[in-house]
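As a basis for the values below, the full set of heavy atoms in this structure was taken, side chains included, without hydrogen atoms, waters or symmetry mates. Computed from a prediction, not measured in an experiment: that's the story for all the values here.
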Amino acid sequence: MMTKSKVQPLLVNYKTLEEFKRFKEYGNQELAMLEDLEGNIVENDSESPFYGVYYGSALVARMSLYRVQSKYDKYFTPPQDYLELWKLEVLPDYRGQGYGKDLVDFAKSFELPIKTNPRINSHDFWEKMDFKKANYDVERDLGENPLIWLPSGVEERDV
């Protein structure tokens with residue numbers, strides 16, 4: 001029986017950034033956070049868009065979650081705020097243990113529609129999480145293949 005792991009907001013601090021270096025998708029977002037810290041723009045321990053799961057003291061899974069305002073919603077009917085989920089990643093030694101599902105369940109708990117752009121070879125995972133392919137819209141999707149999750153009462157907008 002898998003126990004649910006606790007998903008927590010990750011703080012913008014040097015410890016978190018150090019932990020992020022273990023993830024493959026380490027990139028511009030983290031470097032921007034590092035610059036913010038070094039420029040003292042943010043206090044140590046200010047909030048970031050990242051959420052994670054720890055195993056003991058090690059960060060083993062993470063995602064970033066942004067709330068997009070309804071005026072920018074081109075996916076859902078009625079138009080509404082939705083979540084954009086990025087960088088969902090579980091370290092290789094911890095995959096298949098439910099950490100990714102715990103992160104997605106946490107995102108779903110906001111009861112808002114969710115959009116994500118899946119990484120290569122992750123479609124099976126997203127399917128299990130009840131995400132479906134958005135109807136492709138050339139102008140909107142620009143070569144991305146977004147997947148969406150709909151809470152009850154929300155439908156996909158016609159393209």
Asker: Side chain of Thr16, backbone of Leu11: donor and acceptor closer than 3.5 Å?
Answerer: yes
Asker: Which pair of non-hydrogen atoms, one from Pro78 and one from Gly153, has the smallest distance, and what is that distance?
Answerer: CD-O, 4.2 Å
Asker: Counting only heavy atoms not in Lys108 (residues, nucleotides, ligands), do more than 12 fall under 6.0 Å from its NZ?
Answerer: yes
Asker: Considering non-hydrogen atoms only, spot the tightest contact between Trp86 and Asn117 and give its length.
Answerer: CH2-ND2, 3.7 Å
Asker: Provide the closest heavy-atom pair for Asp93 versus Gln97 in the form atom of the first, atom of the second, distance.
Answerer: O-NE2, 3.3 Å
Asker: Which heavy atom of Ser48 sits nearest to which heavy atom of Leu10, and what is that distance?
Answerer: OG-O, 2.8 Å
Asker: Side-chain heavy atoms nearer than 4.5 Å, only ILVMFWY residues, links allowed to pass through others: does that put Tyr51 and Leu112 together?
Answerer: yes
Asker: Is Leu85 linked to Val154 within one hydrophobic cluster, defined over Ile, Leu, Val, Met, Phe, Trp and Tyr using a side-chain heavy-atom separation of less than 4.5 Å?
Answerer: no
Asker: Rounded to the nearest 0.5 Å, what's the gap from NZ on Lys115 to CG on Leu150? Could you check?
Answerer: 14.0 Å
Asker: Testing the 3.5 Å rule here: is there a donor-acceptor pair between the side chains of Asp141 and Tyr75?
Answerer: yes
Asker: Minimum heavy-atom separation for Val90 and Gly100, please, with both atom names.
Answerer: CG2-N, 3.8 Å
Asker: Given Ile148 and Lys132, is the side-chain contact (heavy atoms from CB on, under 4.5 Å) satisfied, shown in steps?
Answerer: CA-CA 5 Å; Ile148 55 175; Lys132 66 183 187 72; 4.3 Å; yes
Asker: Please tabulate, one pair per line, all N/O donor-acceptor pairs under 3.5 Å involving side-chain atoms of residues 123-130, not counting sequence neighbours.
Answerer:
| unit_1 | atom_1 | unit_2 | atom_2 | d |
| --- | --- | --- | --- | --- |
| Trp126 | NE1 | Ser122 | OG | 3.3 |

Asker: Identify whether Val53 and Leu17 are in the same connected component of the hydrophobic contact network (ILVMFWY, side-chain heavy atoms under 4.5 Å).
Answerer: yes
Asker: Is any side-chain heavy atom of Pro79 closer than 4.5 Å to one of Arg157?
Answerer: yes
Asker: Give, for atom CZ of Arg67 and atom CG of Asp81, the distance between the pair rounded to the nearest 0.5 Å.
Answerer: 4.5 Å
Asker: About how many Å separate CG of Asn13 and CD of Glu18, when rounded to the nearest 0.5 Å?
Answerer: 10.5 Å
Asker: How about Tyr99 and Leu91: do any of their side-chain heavy atoms sit closer than 4.5 Å?
Answerer: no
Asker: Examine Trp149 and Val159 and state if one hydrophobic cluster contains both, with Ile, Leu, Val, Met, Phe, Trp and Tyr joined whenever side-chain heavy atoms are less than 4.5 Å apart.
Answerer: no
Asker: Could you walk me through whether Ile114 and Phe131 pass the side-chain contact (heavy atoms from CB on, under 4.5 Å) test, one step at a time?
Answerer: CA-CA 9 Å; Ile114 304 171; Phe131 278 69; 3.8 Å; yes
Asker: Supply the atom-to-atom distance Thr116 OG1 to Asn145 CG, rounded to the nearest 0.5 angstrom.
Answerer: 12.0 Å
Asker: Starting from Phe76, can I reach Leu147 by hopping between I/L/V/M/F/W/Y residues whose side chains sit under 4.5 Å apart?
Answerer: no
Asker: Look up atom CG in Leu65 and atom CZ in Phe106, then write down how far apart they are to the nearest 0.5 Å.
Answerer: 7.0 Å
Asker: Between Glu89 (side chain) and Lys24 (backbone), is there a donor-acceptor pair under 3.5 Å?
Answerer: yes
Asker: How long is the gap from OH on Tyr82 to OH on Tyr66, to the nearest 0.5 Å?
Answerer: 13.0 Å
Asker: Does the pair Lys87 and Glu30 meet the rule for a salt bridge (charged side-chain N to carboxylate O under 4.0 Å, His left out), with working shown?
Answerer: CA-CA 11 Å; Lys87 291 193 175 213; Glu30 290 86 345; 2.8 Å; yes
Asker: Are the charged groups of Arg62 and Glu19 less than 4.0 angstrom apart, N to O?
Answerer: no
Asker: Indicate yes or no for a side-chain donor-acceptor contact from Glu144 to the backbone of Arg140 under 3.5 Å, with no hydrogens or angles considered.
Answerer: no
Asker: Closer than 3.5 angstrom, by distance alone: can the side chain of Arg119 be matched with the main-chain N or O of Leu88 as a donor-acceptor pair?
Answerer: yes
Asker: So, the side chain of Tyr54 versus the backbone of Ser5: is there a donor-acceptor pair under 3.5 Å, distance only?
Answerer: no
Asker: List the atom of Leu83, the atom of Ala107, and the distance in Å for their closest heavy-atom pair.
Answerer: CD1-O, 3.5 Å
Asker: Looking at Tyr136, I want to see if its OH is surrounded by more than 12 non-hydrogen atoms of other residues, nucleotides or ligands under 6.0 Å.
Answerer: yes
Asker: So does Tyr72 have more than 12 non-hydrogen atoms from other groups sitting under 6.0 Å from OH?
Answerer: no
Asker: Is any side-chain heavy atom of Phe23 less than 4.5 Å from a side-chain heavy atom of Leu59?
Answerer: yes
